Amino acid sequence: MLDIQALRHDLTAVAARLATRGFVLDTARFEQLEGERKTIQTRTQELQAKRNTTSKQIGAAKAKGEDVAAIMAEVAHLGDELKQLEAKLEQVQHELNAFLSVIPNAPHATVPHGKSELDNQEVRKWGVPPKFTFEARDHVSIGEGLGGLDFETAARISGARFSLLKGPLARLHRALAQFMLDTHTDRHGYMETYVPYLVNADSMRGTGQLPKFEEDLFKVPRQSGDGRQENFYLIPTAEVPVTNMVRDEIVQLEKLPLKYVAHTPCFRSEAGSYGKDTRGMIRQHQFDKVELVQIVQPEKSYEGLEELLGHAEAILQKLGLPYRVVKLCTGDMGFSAALTYDIEVWLPAQNTYREISSCSNFEAFQARRMQARFRNAQGKPELVHTLNGSGLAVGRTLVAILENNQQADGSVKVPEVLRPYMGGMETIKVS
RNA sequence: GGAGAGGUGGCAGAGUGGUCGAAUGUACCUGACUCGAAAUCAGGCGUAGGUGUAAGCCUACCGUGGGUUCGAAUCCCACCCUCUCCGCCA
């Protein structure tokens, strides 16, 4: 959520910044809603003040044993008008809130302007894509050849966009998650967390998935005590439960930055991605991810983002996987982000770099929605900044290892850092 | 699933219809005392919003939502959450 004060004081400037990411701010609508809000709120508060003083008079008069009939009559009619106004005020405030909650974050000044991923800016490259003396196969072919990747059975069990891993590949998947968690906790200073995979709507609103992107989520209906229906949502990323750990909290300054890591499954409906990445485990309804989250002071958030990006990169470097870092342009950034770096890993079979991590600074956008604050040096509550990034997407990392480490005979070399997690296994061989 | 207790400011904890945004303690801030600190004493100290150049003034908020009333932290209803005991259970 943007700061409503910024919209009140500098509407055109805010609209201009949003325009760079392709969002048209309906300024007329905002001004109209704001105008209504102002009039109604002022009038409501006047009446409330009158009611309060009169009620106090009644109390005082009664205490002295005086007759209060006259004052009572004076205030009798107030109730109805006040009730109407209060209802109207609530409605306008709801509309304002709905209006605000679908406005994306304003891009940071250094974000390159652009419309699509074609306009993203390459920041750096690491590693050299491997050269093969044979024709590189894709991970599906490799995995099936190893007998450890079975999409047919996964489809029977669930449907399209699910995968089933067996034997050494299932273990490799687990090894990757363990390795990432260990690295981030032991070397990068994150606290490991285990979090709920089903969350409530407030949490989804807090990080920005709701109200705008409900169709991307898996919704789990539940009956509440009075028979009303509420929903749980399957998390699309650990960002949601982990960041919401500080929702409605005021964190002590000394506790910052908070650095959390979580390994969770992620569930995405992938609505609107029909026909995209239909082969293999690149785009799934369910995939595992190790997520890094930092809760920081505003002045330190960009510093924190660079650090977090480095932590994600460290995993790829230790695994020996070639990658590049790109800075997303205004048109390609997610709804809540002010600045995003994507890390893209080299996939030989596709002869290109594919996203394996996304690291963003949300500034106060999520914090404002969550009312996540810290007590600043002056002792006043102030919104925190939130950061997160994948460190990394486990399924895609597995894909990258299969494709980059494939051998002529169909076997796959296990990266050295993973071998302790694989019982010393150096190569995954065709069984 | 059954029975009970409870949710009030950073924390603890009073408050069962009227000047209660809320006693008191504690934490924190400022000042005094001190070479300095501790202790002690004095004062200050919630959040959000409106309005105003400002000082200030006003409004809302005592788990959430609704109701009763001129007036609700306090009474009524529903829900959520926490705790204890019993049952069940991975």
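Everything quoted here is computed from the prediction, not taken from an experiment. Every chain is numbered from 1 and lettered A, B, ... according to where its sequence line falls, protein lines coming before strand lines.
- Relative to the six-membered ring of A:Y190, A:K259 meets both conditions, a distance below 6.0 Å and an angle of at most 45° to the axis.
- More than 12 heavy-atom neighbours from other residues, nucleotides or ligands sit within 6.0 angstrom of CZ on A:R8.
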When the side chains of residues 143-162 of chain A are checked against the rest of the protein, which donor-acceptor pairs come out under 3.5 Å, sequence neighbours left out?
| unit_1 | atom_1 | unit_2 | atom_2 | d |
| --- | --- | --- | --- | --- |
| A:D150 | OD1 | A:E152 | N | 3.2 |
| A:D150 | OD1 | A:T153 | N | 2.9 |
| A:D150 | OD1 | A:T153 | OG1 | 3.1 |
| A:D150 | OD2 | A:T153 | OG1 | 2.5 |
| A:R161 | NH1 | A:K276 | O | 3.3 |
| A:R161 | NH1 | A:D277 | O | 3.3 |
| A:R161 | NH1 | A:R283 | O | 3.2 |
| A:R161 | NH2 | A:S273 | O | 2.9 |
| A:R161 | NH2 | A:K276 | O | 3.0 |

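- Between A:Q252 atom CD and B:A27 atom C1' there is a gap of 10 Å when expressed in whole angstrom units.
- Secondary-structure stems of RNA chain B, taken as three or more successive Watson-Crick or G-U wobble pairs (i with j, i+1 with j-1) under a 3.5 Å distance threshold, comprise B:1-7 with B:80-86, B:10-12 with B:24-26, B:28-32 with B:40-44, B:46-51 with B:56-61, B:63-67 with B:75-79.
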Pairs: protein N or O with nucleotides 65-70 of chain B N or O, under 3.5 Å:
| unit_1 | atom_1 | unit_2 | atom_2 | d |
| --- | --- | --- | --- | --- |
| B:C70 | O2' | A:S55 | OG | 3.2 |
| B:C70 | N4 | A:K62 | NZ | 3.2 |

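- Residues A:R268 and A:D216 are not paired through a salt bridge, judged by the lack of any N-O separation under 4.0 Å between the basic side chain and the carboxylate.
- The residue among A:R222 and A:Q45 whose nearest nucleotide of RNA chain B is located toward the 5' end is A:Q45.
- Rounded to a whole angstrom, the distance from the P atom of B:A37 to that of B:C61 is 44 Å.
- For A:N231 and B:C80, the CG to P distance is 15 Å, given to the nearest whole Å.
- For the segment residues 25-42 of chain A, residues with any heavy atom less than 4.0 angstrom from an atom of RNA chain B are, sorted by number, A:R37, A:K38, A:Q41.
- Rounding to whole angstrom units, CD of residue A:E46 and P of B:A60 are separated by 13 Å.
- The salt bridge (charged side-chain N to carboxylate O under 4.0 Å, His left out) analysis of residues 82-92 of chain A, with sequence neighbours excluded, yields no pairs.
- When rounded to the nearest whole Å, the span between NZ of A:K50 and C1' of B:G71 equals 16 Å.
- Aromatic pair A:F335/A:F213: ring centres closer than 6.0 Å.
- Between the side chains of A:S203 and A:N200, at least one donor-acceptor pair of N or O atoms lies under 3.5 Å.
- The P atoms of B:G6 and B:C57 are separated by 39 Å, rounded to the nearest whole Å.
- B:A14 sits 30 Å from B:G71 when the P atoms are compared, rounded to a whole Å.
- Rounded to whole Å, the separation between the P atoms of B:C29 and B:C86 comes to 46 Å.
- With salt bridges taken as basic N to acidic carboxylate O contacts below 4.0 Å, one links A:E230 and A:R222.
- Where A:I4 and A:Q48 each meet RNA chain B at their nearest nucleotide, the meeting point lying more 5' is that of A:I4.
- A distance-only check finds a donor-acceptor pair linking the side chain of A:T53 to the backbone of A:A49 [under 3.5 Å].
- Whole-Å rounding puts the A:N52 CG to B:G21 C1' distance at 13 Å.
- Of the possible donor and acceptor atoms, none in the side chain of A:D10 sits under 3.5 Å from a partner among the backbone N and O of A:A6.
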Nucleotide N/O of nucleotides 46-48 of chain B paired with protein N/O under 3.5 Å:
| unit_1 | atom_1 | unit_2 | atom_2 | d |
| --- | --- | --- | --- | --- |
| B:U47 | O3' | A:R373 | NH1 | 3.3 |

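- With hydrogens and angles ignored, the 3.5 Å screen pairs no side-chain donor or acceptor of A:T243 with any backbone N or O of A:T386.
- Across all strands shown, A:Q93 has no heavy atoms under 4.0 Å from either base or sugar-phosphate atoms.
- Atoms CG (A:D202) and P (B:C79) sit 19 Å apart, rounded to a whole Å.
- Distance, A:L89 CG to B:C58 P: 19 Å, rounded to whole Å.
- When the P atom is compared between B:G36 and B:U19, the two are found 47 Å apart, to the nearest whole Å.
- The pair A:K289-A:E239 does not count as a salt bridge, with every side-chain nitrogen at least 4.0 angstrom from each carboxylate oxygen.
- Taking atom CG on A:D248 and atom P on B:C80, their separation rounds to 19 Å, with Å as the unit.
- Spacing of C1' atoms, B:G9 relative to B:C20, comes out at 13 Å, to the nearest Å.
- Atom NZ of A:K212 sits in a crowded spot, with more than 12 heavy atoms from other residues, nucleotides or ligands closer than 6.0 Å.
- Formation of a donor-acceptor pair under 3.5 Å by the A:R375 side chain with backbone atoms of A:L253 is not found in this model.
- If you take atom C1' in B:U26 and the same atom in B:C81, they sit 27 Å apart, rounded to whole Å.
- Distance check on atom P: B:U69 versus B:C83 gives 38 Å, rounded to whole Å.
- For the residue pair A:Q297 / A:E299, a side-chain donor-acceptor distance below 3.5 Å is found, with atom types taken as modelled.
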